[in-house]
Amino acid sequence: MSQKKVRVRFAPSPTGGLHLGGVRTVLFNYLFARHHGGEFVLRIEDTDQTRFVEGAEEYILECLRWCGLEADEGPHKGGPYAPYRQSERKALYRQYGEQLVNAGFAYYAFDTPEELEAMREVEKARGNHSPQYNHAVRKIMRNSLTLEAAEVKTLLDKGTPHVIRIKMPENEEVSFTDMIRGEVSFQTNTVDDKVLLKADGMPTYHLAVVVDDYLMKITHAFRGEEWLPSAPVHILLWKYLGWETDMPQWAHLPLILKPDGNGKLSKRDGDRLGFPVYAMNWLDPKTNELTKGFRENGFLPEAFVNMLAMLGWNPGSEQEIFSIEELVQAFSIERVHKGGAKFDYDKAKWFNHQYIVKKDDATLAKLFQPVLTEKGLAPEETYVAKVTGLVKERCHFINEIWDHGFFFFVRPDKYDVDAVKPKWTPEKQAFFESWITVIEALPDFTFVSLEESFKQLATEKGIKPGELQLPFRIMLCGGKFGPPVFVIAETLGKEETIERIKLALAIFA
RNA sequence: GCCGCGUUGGUCAAGCGGUUAAGACGCCUCCCUUUCACGGAGGAAUGACGGGUUCGAUUCCCGUACGCGGUACCA
């Protein structure tokens with residue numbers, strides 16, 4: 001066992017919003033690094049210039065910040081292995097491609113896109129379902145393996161567009177031990193000669209990921225399961241570049257699947273089923289299309305992170321609610337489940353509810369403030385906090401504080417009269433009229449004294465207090481909801497309570 | 001098609017050769033509350049299929065099925 005310091009990396013390509021699954025990959029990286037006292041680096045894999053999206057990198061950074069999963073090194077703060085954007089490391093890669101060519105592990109290929117297309121057509125016509133540029137095909141294409149050395153030199157000297165491809169060996173088995181799946185192996189014959197360096201001089205993911213993981217001294221590489229099929233290319237590259245002993249340990253994370261049916265969860269599913277898929281709102285600068293995020297939907301980052309941790313990983317105990325510190329403590333990559341997990345929004349809501357209930361009222365009130373502001377309301381902070389404390393038990397989201405407590409801020413604009421009228425009597429009307437005078441004179445306006453006087457007067461008038469409580473609730477809230485009535489009254493205060501009783505009495509009569 | 005990975009209730013999942021096959025979400029019933037929620041007590045519901053190996057398979061092996069992923073000068 002080497003004693004190398006653990007270094008992991010999250011390497012997104014900045015092409016859009018950050019998906020749930022991406023955040024989970026970040027999380028697992030982060031937890032693993034912290035658990036082992038290692039470092040977590042953020043590397044931007046922007047080698048495909050045609051897919052560059054304005055603002056995507058900033059968005060990713062902001063997501064990590066919101067989730068509390070910030071990287072120790074990255075384009076935002078530099079570090080000993082800067083730069084952390086592959087586009088800024090462009091000059092680095094070519095030498096490794098050439099080293100590979102010189103060692104006979106790779107070759108120059110001059111085929112034009114048209115020639116490639118023609119080859120595929122021919123292959124398809126021959127019944128080849130998905131033509132590959134492989135050990136057989138490379139023998140009939142235009143590359144440094146088939147061309148005369150002198151011609152290759154001329155072509156190169158003239159600056160002819162070309163790529164560098166890996167030369168996959170024939171009849172070999174490549175295997176490695178995945179931290180989650182155990183031994184995984186591939187036959188090299190089934191893998192094609194992947195492009196390593198593109199005609200524009202940029203490396204492909206395949207080259208860049210191994211060069212940068214090596215240069216950045218990455219010890220453990222976690223990525224989605226969709227990368228498993230190209231693992232043999234990467235393994236071979238580590239070997240061919242002579243870095244085999246420094247190769248990181250791999251772990252291919254299971255996918256997050258859509259709740260209904262099968263397949264990878266996509267933002268489309270979110271739109272379709274009515275829940276967010278991205279961490280935060282993402283506005284596509286090209287299409288102007290807005291994709292909803294967990295943050296804007298009223299999720300607390302701790303809840304979001306906790307929920308994600310339990311999707312594909314479990315501690316082996318019955319504990320489900322974990323602070324980030326507890327996660328760091330408990331996390332182990334071996335306990336990551338192999339199979340994909342269907343995303344369950346109801347469970348996500350449950351997690352958020354747990355955290356809302358736990359969170360202190362003042363903080364919650366602050367997060368809720370924007371909703372109030374948007375409605376043109378500006379109640380006192382302490383009042384908002386008090387209300388929040390009263391209703392949070394029934395909220396799954398921050399925004400729901402309004403749904404469950406709006407009547408603390410505005411008078412009801414409609415009443416559930418159907419719940420009152422059928423059983424309304426002049427006696428009940430009289431009860432409330434006289435109770436107003438009773439509470440007006442109350443020395444203290446607390447839910448205890450309110451309830452006492454309410455029940456006492458009801459008994460005096462020969463009405464069961466229970467029959468009066470629902471009408472009273474509707475007077476204050478407009479409907480059958482909310483915290484205990486007398487607590488509502490106390491919170492509203494004497495004046496407002498009396499006013500609402502009078503207003504409602506006029507309607508009930 | 002080919003290659004790879006996977007498969008325990010509706011969902012997340014524990015288990016690592018002998019269990020009444022945990023727990024959570026959701027659902028249902030009841031209690032609490034003359035609102036709703038929280039809380040509490042119950043309930044229904046699970047090892048894809050077929051072969052082995054074994055005294056004994058959810059657990060190990062092999063097939064099959066199904067699902068997913070990959071099969072680009074995208075990551």
Side-chain angles (χ1 to χ4, degrees), chain A residues 11-15 45-51 86 109 111-113 116 120 127-134 161-165 178 180-181 184-187 189-192 194-206 208-209 223-232 252 254-255 257 259-264 307 310-321 335 337-351 353 357 390-396 400 404 416 419 464-474 477 479-485 488:
Chain A
S13 66
T15 52
E45 308 229 336
D46 54 352
T47 54
D48 186 353
Q49 295 165 327
T50 64
R51 294 215 304 165
Q86 289 181 332
D111 317 282
T112 63
L116 254 16
R120 292 195 180 103
N128 187 343
H129 196 271
S130 54
Q132 293 185 311
Y133 200 118
N134 61 17
H162 63 277
V163 301
I164 292 179
R165 287 180 181 270
D178 185 282
I180 296 170
R181 291 151 210 281
V184 181
S185 62
F186 301 83
Q187 294 300 323
N189 289 10
T190 65
V191 185
D192 61 346
K194 290 266 180 272
V195 168
L196 266 21
L197 199 78
K198 301 187 257 188
D200 65 1
M202 276 288 197
T204 58
Y205 172 81
H206 305 296
V209 75
R223 65 199 340 181
E225 190 185 347
E226 69 268 26
W227 287 108
L228 205 45
S230 51
H252 291 88
L255 266 17
L257 278 14
D260 60 338
N262 296 299
K264 261 204 284 192
M307 178 274 291
M310 304 308 290
L311 210 54
W313 174 84
N314 80 83
S317 71
E318 287 182 11
Q319 185 176 357
E320 285 198 284
I321 301 297
R335 289 203 64 91
H337 206 254
K338 293 186 183 79
K342 287 186 183 176
F343 177 62
D344 181 358
Y345 191 53
D346 279 329
K347 189 78 185 240
K349 281 162 69 174
W350 176 80
F351 272 107
H353 175 249
V357 171
L390 256 21
V391 303
K392 65 180 183 180
E393 292 264 291
R394 56 211 85 197
C395 297
H396 285 94
E400 283 181 353
H404 294 288
D416 186 354
K464 275 196 274 181
E467 284 183 32
L468 294 161
Q469 271 190 42
L470 189 64
F472 183 38
R473 167 177 300 281
I474 291 170
C477 319
K480 291 190 269 187
F481 40 73
V485 236
I488 297 175

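Residue numbers begin at 1 in each chain, while the letters A, B, ... track the order of the sequences. It should be emphasised that the depicted structure is a prediction, and the values quoted were computed from it without experimental measurement.
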(message) Taking only the C1' atom of each, what is the distance from B/C74 to B/C25 in whole angstrom?
(response) 37 Å
(message) Measure CG/A/Asp260 against C1'/B/G67 and give the value in whole Å, please.
(response) 14 Å
(request) Could you tell me which residues satisfy side chain to side chain donor-acceptor pair (under 3.5 Å) with A/Lys198, sequence neighbours excluded, listed by chain and number? (result) none
(message) Using atom C1' in both nucleotides, what's the gap between B/A24 and B/C62 to the nearest angstrom?
(response) 35 Å
(message) Test your reading of the model: is there a side-chain donor-acceptor pair from A/Asp46 to the backbone of A/Ser13, 3.5 Å cut-off?
(response) no
(request) Write down the distance between CZ (A/Arg473) and P (B/A37), rounded to a whole number of angstrom. (result) 12 Å
(message) Give me the atom names and distance for the closest heavy-atom approach of A/Phe351 to A/Met310.
(response) CZ-CG, 3.7 Å
(message) Is the phosphate of B/C73 approached by A/Arg165 (side-chain N or O, under 4.0 Å from OP1 or OP2)?
(response) yes
(request) Just label B/G23 as syn or anti from its O4'-C1'-N9-C4 or O4'-C1'-N1-C2 angle, using within 90° of 0 for syn. (result) anti
(request) Could you work out the separation of B/G6 and B/G10 based on their P atoms and round it to a whole Å? (result) 23 Å
(request) Using atom OH of A/Tyr205 as one end and atom C1' of B/G70 as the other, report the distance to the nearest whole Å. (result) 13 Å
(request) For B/A41 and B/U46, measure between their C1' atoms and round to the nearest Å. (result) 24 Å
(request) Determine the interatomic distance between C1' on B/U34 and the same-named atom on B/C28; round to the nearest Å. (result) 23 Å
(request) Go ahead and write out RNA chain B as dot-bracket, 5' to 3': ( ) for pairs within the strand, [ ] for ones crossing earlier pairs, | when the partner sits on another strand, dots for unpaired; Watson-Crick or G-U wobble, both distances under 3.5 Å. (result) ((((((((.[[[..)..(....]]].(((((.......)))))....[[[[[..)....]]]]])))))))....
(message) Can you identify which nucleotide, out of B/C5, B/C12, B/U35, has its nearest atom closest to the A/Ala341 side chain?
(response) B/C12
(request) Can you label the angle between the A/His206 ring and the A/Trp227 ring as parallel, tilted or perpendicular, going by 30° and 60°? (result) perpendicular
(request) Determine, step by step, whether A/Glu320 and A/Trp350 satisfy the side chain to side chain contact (heavy atoms under 4.5 Å, CB included) criterion, reporting the C-alpha distance in whole Å, the side-chain angles of both residues, the deciding distance to 0.1 Å, and the verdict. (result) CA-CA 11 Å; A/Glu320 285 198 284; A/Trp350 176 80; 3.8 Å; yes
(message) Please determine whether a side-chain nitrogen or oxygen atom of A/Thr47 lies at a distance below 4.0 Å from atom OP1 or OP2 of B/A75.
(response) yes
(message) Measuring from the side chain of A/His129 (C-beta onward, heavy atoms only), which nucleotide among B/A24, B/C73, B/G1 has the closest atom?
(response) B/G1
(request) Can you figure out which of B/A24, B/C74, B/U35 approaches the side chain of A/Trp350 most closely? (result) B/A24
(message) Please determine whether any donor N or O and acceptor N or O are separated by less than 3.5 Å between the side chain of A/Lys194 and the base of B/A72.
(response) no
(request) Classify the side chain of A/Ser230 and the base of B/G70 as holding, or not holding, a donor-acceptor pair under 3.5 Å. (result) no
(message) Between B/G18 and B/A75, how many Å separate the two C1' atoms, rounded to a whole number?
(response) 48 Å
(message) Contact between A/Leu311 and A/Lys347 at the side-chain level, heavy atoms closer than 4.5 Å - yes or no?
(response) no
(request) Output yes when at least one side-chain N/O atom of A/Lys198 is less than 4.0 Å from OP1 or OP2 of B/C74, else no. (result) yes
(message) Does A/Thr190 reach a base, just sugar-phosphate, or nothing at all? Heavy atoms under 4.0 Å.
(response) sugar-phosphate
(request) Compare the minimum distances between each of B/C5, B/G69, B/G26 and the side chain of A/Lys264, then state the nucleotide with the smallest one. (result) B/G69
(request) Using a 4.5 Å cut-off on heavy atoms from C-beta on, say whether the side chain of A/Tyr133 contacts that of A/Leu116. (result) yes
(message) Work out how far the C1' atom of B/G43 is from that of B/U59, and round it to whole angstrom.
(response) 29 Å
(message) Just the rounded figure in Å: distance from P of B/A37 to NE2 of A/His396.
(response) 10 Å
(request) Measure from the side chain of A/Phe186, starting at C-beta and using heavy atoms only, and say which of B/G26, B/G4, B/A13 lies closest. (result) B/G4
(request) Verify, without hydrogens or angle tests, whether A/Arg181 (side chain) and A/His252 (backbone) share a donor-acceptor contact under 3.5 angstrom. (result) yes
(request) Under 4.0 Å between any heavy atoms, over every strand shown, what does A/Asn128 touch: base, sugar-phosphate, or nothing? Just pick one. (result) nothing
(message) Distance check, P atoms only: B/U20 and B/C30, in whole angstrom units.
(response) 33 Å
(request) Determine: side-chain N/O of A/Arg335 to OP1/OP2 of B/G15, distance under 4.0 Å, yes or no. (result) yes
(request) Check every strand shown and say whether A/Pro259 touches a base, only sugar-phosphate, or nothing at a heavy-atom separation below 4.0 Å. (result) nothing
(message) List the residues meeting salt bridge (Lys or Arg N to Asp or Glu O under 4.0 Å) with A/Asp111, not counting sequence neighbours, and say none if there are none.
(response) none
(message) I need the CD-P distance between A/Glu225 and B/G67, as an integer number of Å.
(response) 16 Å
(request) Write down the distance between CG (A/Leu257) and P (B/C66), rounded to a whole number of angstrom. (result) 18 Å
